[in-house]
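Let me begin by presenting the structure, written as structure tokens, before commenting on it.
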Amino acid sequence: MDAPGTGSRTLRHYAGPTWEANDGSKVVGEVKARADAPDADAIPWLLLTAKSTSGSGVLASTLSVQRVQTAGGKAPASGCGPAQAQQEIRVPYTATYYFFADSYPTKT
């Protein structure tokens with residue numbers, strides 16, 4: 001994930017779902033609510049609570065994460081059959097993520 005307007009990568013997002021910041025802090029989310037996206041071809045909007053956090057950086061105090069404004073990401077409508085067994089497909093998507101916390105670390 002890039003910091004808006006900077007072009008610099010500040011977070012990495014991967015399975016779990018997990019977000020990891022350049023400062024080493026990390027949050028693992030757990031889905032608490034989901035809503036269909038307004039675009040039928042987009043993955044759902046989510047509300048996740050922090051299942052666990054680690055580190056002392058920007059993500060350490062995260063309580064929840066919200067995924068909204070999704071585009072794309074749904075599996076192909078054609079599905080899969082025996083010919084696709086054991087194959088993996090990546091389906092790109094975009095989304096806006098909001099991170100909520102009691103407080104954020106301050107720079108000293």
T96: partners by side chain to side chain donor-acceptor pair (under 3.5 Å), with sequence neighbours left out: Q69

A side-chain contact here means heavy atoms from C-beta on lying under 4.5 Å apart; do L11 and L59 qualify? yes

If hydrophobic clusters are built by linking Ile, Leu, Val, Met, Phe, Trp and Tyr wherever their side-chain heavy atoms come under 4.5 Å apart, do V31 and F99 end up in the same one? yes

Mind listing the closest non-hydrogen atom pair of A42 and A37 along with its distance? CB-CB, 3.8 Å

Pairs where residues 29-44 contributes a residue and the test side chain to side chain donor-acceptor pair (under 3.5 Å) is met, not counting sequence neighbours: none

Between W19 and L47, is there a shared hydrophobic cluster once you connect ILVMFWY residues whose side-chain heavy atoms come closer than 4.5 Å? no

Sequence neighbours left out, what pairs pass salt bridge (charged side-chain N to carboxylate O under 4.0 Å, His left out) with at least one residue falling in residues 77-95? E88-R90

Looking only at heavy atoms, the pair that brings S56 and S25 closest together is N-CB, 4.5 Å

Do L48 and P17 have side chains that approach each other closer than 4.5 Å (heavy atoms only, starting at C-beta)? yes

With Q66, which residues qualify under side chain to side chain donor-acceptor pair (under 3.5 Å), at least two apart? none

V65 side chain reached by F100 side chain, heavy atoms, under 4.5 Å: no

With the side chain counted from C-beta on, respond yes when P44 and T70 share a heavy-atom pair under 4.5 Å apart, and no when they do not. no

Are side-chain heavy atoms of D102 and S61 found at a separation under 4.5 Å? no

Tell me, with the steps shown, if L63 and T49 meet side chain to side chain contact (heavy atoms under 4.5 Å, CB included). CA-CA 6 Å; L63 298 174; T49 57; over 6 Å; no

A50: what forms a side chain to side chain contact (heavy atoms under 4.5 Å, CB included) with it, not counting sequence neighbours? V27, T53

List in chain and number order the residues that pass side chain to side chain contact (heavy atoms under 4.5 Å, CB included) with P38, two or more places apart in sequence or in another chain; answer none if no residue qualifies. W45

Listed partners of T18 passing side chain to side chain contact (heavy atoms under 4.5 Å, CB included), at least two apart: Y14, K26, V28

Which salt bridge (charged side-chain N to carboxylate O under 4.0 Å, His left out) pairs, counting each pair once, include a residue from residues 50-76, with sequence neighbours left out? none

